[in-house]
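Data first, discussion second: the structure below is written as structure tokens.
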Amino acid sequence: MITNTELEKKGNLFPTKLVSYEQNGDSICFTSENAVQLIITVVRDSMLRFRYATDGIFEKDFSYAIDEDQPHGYSVMDITEDDEFIWIITEQIKCRITRKDMRTDLFDIEDQLILQDELGFHWEESFEFGGNYVKMSKTTVDGENFYGLGDKPTSFNLKGKRISNWNTDQYAFSKDLDELYKAIPFYIGLHSAKAYGIFFDNTFKTHFDFCHERRHVTSFWADGGEMNYYFIYGPKIADVVTKYTNLTGRPELPPMWALGYHQSKWSYYPEAKVKELAANFRDNKFPCDALYLDIDYMDGFRCFTWNKDYFPEPKRMVEELERDGFKTVAIIDPGIKIDNKYEIFKDGLEKDYFCRRADGPYMQGKVWPGNCVFPDFTNPKAREWWADHYKTLIAEIGIKGIWNDMNEPAVMEVPGKTFPLDVRHDYDGNRCSHRKAHNVYGMQMARATYEGVKKYIFPKRPFTITRASYSGGQRFSSTWTGDNLASWEHLWLANIQIQRLGMSGFSFAGTDIGGFADQPTGELFTRWIQLGVFHPFCRVHSSGDHGEQEPWYFGEEVLEITRKFVELRYQLLPYLYTAFYQYCKDNIPILKPLVYFDQADIQTHYRSDEFIFGEHFLVCPIQEPNVQGRRMYIPRGNWYNFWNDTVIEGGKELWVDAPLESMPIFVKEGAIIPKYPLQQYVDELEIEELRLDVYYKNGKQNSIYYEDDHDGYDYKMGLFNLRTFKLTGKTKEIIVQQHVAGTYESNLKTMKIKFHGLPFEITSASVNNENVSLESIGYDKESNTIILQENFTDLHLISE
Ligand code: MIG
């Protein structure tokens, strides 16, 4: 055990005893004898914020992560004290501050200890940069586990890991490498069946140690800035995730086409290649909504220009693709080529929007265009300027989505692969060096892009994707996990990374399906598509320096199987769109790791292969070659095998068959799953009949289905429907009730309802409380289907 004295010898400083405290609205400021101040703010009944200053001076309170619109407020805030402690008590938590050393301990309202300071706050002065290295350590209890931290390519449960956050371009990253493209300094702790979260809102390089250095200690620290963190009480993981997402914001609904299948490569060019690709999709009847233009569409990699040899008339091409149901997405990097004939370079120079070194020269670095300067996206004026550049691409040429890459920011051929640390940033008026701005650079670029695309695509919805980001970046963009590898290990990582991002508030995420670097075998590609169709963002992308990575490249068998899975995604679009709605409105992650789904079951604490997709699907990818199936854990409850409707009681591990054309998929009993007829792209058909797959349960279960225009903003004015289906199953009866909230008039006329697992034969029926004949509802005994008006409110099927 390390003691304060030992750490003090190493230059660490600690708060001494409390001398006073003072309440100011929702905050209480504590002062120690050695002038350390701690402000505790009651953000909500279940959320406290802690800020420390070591010399009585707090920085201006500014954060890129926190959503300005986040609701806050509490119902109870009591302060009591005795000789040893001061207590802050809300409706859900108690915070105890120790007088003699300022340590804080957190309890739930039943006095269960949730999180305790070990050494608590301490710091080391930074002579070189000024300010402090700020540190915090917490006691870890036996059986405590940890989750979160964004895109880290390491085991799902973080116990035993030491991880740092410094956005880095990591081509072909390997397992356990910690500095990746994103910095999301948020984690969840779980012990004694209760969960809490810590969001360390500090943009400097941050570090986390989960019992790696010392068995019973979890610590986090930063290379500068404030010790500024939020404690979020659950007790359910689901509540922690939702509250964190609420604090840092959620996106608006994406257009539905963005949920389709996307095809990308570095690069598809010239126009004839793009057209051939499009034709191949339609000829092969392989659904696809979006095609990507990587850097070669530009003129010498100059942002916002076109290579006219490859793409003589981009507007025409984009229109023609659109007519065939393809949206075109184009890449934009941050580096602006130093070229006196290049308008953007000259204009940015004149307006002084490019980043500068400490002593004044421009920050210059080599990226794809050669020597470049880089806009300071932390300058609000530069963001606006950047946003306006999308006018031509979006409003005139008709590009539907923008892909931001290299925004860690990446610089080639230099140590550290990024800007030197002395580079200056505006940071929205809080001027600072790159040490502080590095981890938000990509997020602020994505923000500027989002604002621009949103402005010029109006009245439609924007689609953006970014590689680098910081907490809160989910408000502005979707993301992918960067330059992975065509290997089985990376397929395993892909599964973990997307679940982890979801737990970290960033649901709209996917991986380069099939792997970016190297060539996948047909088998690996197939298994990856099987996983990828269950990821919120579904795109095949590859570096193009090996063979091809289109689904037909691997031969007939692979084409057929992958097509079947992409078709499943397209049929499940209304289900997935509903999950997006729940994410964008209620902060509920689209993918739910098993520990999120059932934290009371300790079997789930170390599981990461299986996950819940939306509310009712249990999915488990095959992550090994040459297998006919696998062992997996089925969480508690009863589950239908999606392929054959056999019902399995969960709470156990079992073998599930999954030859190449299959994968383990289960549906929760009682679920009602909305499905579309097959389309080649979103809105190809005017859909008049929705399919509802009803999975019988002896008992009750609710399901929801959200519908709107699939694009545009009418839904914000109430033009949407939220349909709630209530299923009640008995031994000889099934009841489905529908409640529709909303005023949206869709094209829907009927619903074709298919029953799975009915334990009886239907002999009579009533619809909306009137007895009807089985013929009048189109009962088909063979398929167990009936057809009802879309607005039915009450269905009884009975066996007499
Ligand atoms: O230095 O634009 O992660 O998706 O295809 C490589 C070319 C730059 C890295 C991205 C990748 C993209 C590639 N880019």
Side-chain angles (χ1 to χ4, degrees), residues 151 153 167-174 177 179-182 262-269 273-274 277 290-307 310-311 328-337 365-372 374 399 401-414 416-419 441-442 445-446 449 464-469 477-486 490 493-494 497-498 501 509-520 528 532 535 537-550:
D151 62 349
N167 293 357
T168 309
D169 175 5
Q170 297 282 18
Y171 173 80
F173 57 87
S174 55
L177 187 96
E179 288 171 2
L180 223 52
Y181 306 91
K182 284 169 265 283
H262 299 202
Q263 179 76 38
S264 181
K265 186 173 92 169
W266 177 17
S267 301
Y268 289 119
Y269 71 89
K273 258 268 150 61
V274 180
L277 177 72
L291 303 179
Y292 282 60
L293 300 179
D294 206 328
I295 48 175
D296 298 286
Y297 80 89
M298 298 183 233
D299 174 17
F301 308 117
R302 288 172 189 81
C303 292
F304 305 104
T305 67
W306 288 80
N307 179 320
Y310 297 156
F311 298 99
T328 309
V329 179
I331 197 168
I332 288 287
D333 287 352
I336 296 296
K337 188 178 177 70
K366 194 176 164 252
V367 262
W368 291 105
N371 225 5
C372 282
F374 300 83
I399 296 289
I402 296 293
W403 170 21
N404 283 162
D405 186 21
M406 305 290 278
N407 51 357
E408 291 69 33
V411 178
M412 293 168 173
E413 295 165 18
V414 294
K417 303 193 265 193
T418 190
F419 293 1
Y441 186 85
M445 180 194 188
T449 297
T464 50
I465 172 162
T466 182
R467 195 169 70 176
S469 201
S477 182
S478 65
T479 191
W480 89 108
T481 54
D483 296 343
N484 59 3
L485 222 99
H490 265 270
L493 283 175
Q497 285 183 289
I498 303 306
L501 278 162
T511 64
D512 283 355
I513 296 175
F516 177 73
D518 292 352
Q519 173 77 48
W528 210 316
H535 281 168
F537 178 63
C538 176
R539 180 183 74 160
V540 170
H541 179 54
S542 69
S543 65
D545 52 15
H546 47 75
E548 305 297 321
Q549 212 150 296
E550 291 91 44

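Whatever order the structure lists ligands and atoms in, that order sets their numbers, starting from 1.
Of the N or O atoms in Asp512, none lie within a sub-3.5 Å distance of an N or O in ligand 1. Annotation: His541 places an N or O atom under 3.5 Å from an N or O atom of ligand 1; distance criterion only. Considering backbone and side-chain atoms together, Arg467 places an N or O closer than 3.5 Å to an N or O of ligand 1.
The backbone N or O of Gln170 lies less than 3.5 Å from a partner atom in the side chain of Tyr181, making a donor-acceptor pair.
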Quick one: side chains of residues 510-518, donor-acceptor pairs under 3.5 Å with protein atoms, not counting sequence neighbours, listed by atom name and distance.
from   : atom 1 : to     : atom 2 : distance (Å)
Thr511 : OG1    : Trp528 : NE1    : 3.1
Asp512 : OD1    : Trp480 : NE1    : 3.3
Asp512 : OD1    : Arg539 : NH2    : 3.1

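Neither the backbone nor the side chain of Phe301 comes within contact range of ligand 1; no heavy atom lies under 4.0 Å. Contacts between Trp480 and ligand 1, counted as non-hydrogen atom pairs separated by less than 4.0 Å, involve the side chain only. Residue contacts with ligand 1 for Ile331 involve side-chain atoms from C-beta outward but no N, CA, C or O (heavy atoms, distance under 4.0 Å).
In summary, of the residues considered (Met445, Arg467, Met406), a side-chain contact (heavy atoms from CB on, under 4.5 Å) with Asp333 occurs for Met406 alone.
Within the listing of ligand 1, atoms 1 (O), 6 (C), 8 (C) sit less than 4.0 angstrom from a heavy atom of Trp368. Of all the atoms in ligand 1, the ones that sit under 4.0 Å from a non-hydrogen atom of Asp483 are 3 (O), 4 (O), 9 (C), 10 (C), 11 (C).
Of the options Asp169, Val367, Asp405, the smallest heavy-atom separation from atom 14 (N) of ligand 1 is shown by Asp405.
With hydrogens and angles left out, the side-chain atoms of Asn407 and Thr466 include a donor and acceptor closer than 3.5 Å.
Remark: Asp299 pairs with Arg302, Thr305 by the side-chain contact (heavy atoms from CB on, under 4.5 Å) rule, at least two apart or across chains.
The single protein non-hydrogen atom nearest to atom 5 (O) of ligand 1 is Asp294 OD2, 2.5 Å, given as residue, atom name and distance.
In this structure, Tyr441 and Pro334 approach most closely via the heavy-atom pair OH-CB, 4.0 Å. When every heavy atom of Phe173 is checked against every heavy atom of Leu493, the shortest pair comes out as CE1-CD1, 4.3 Å.
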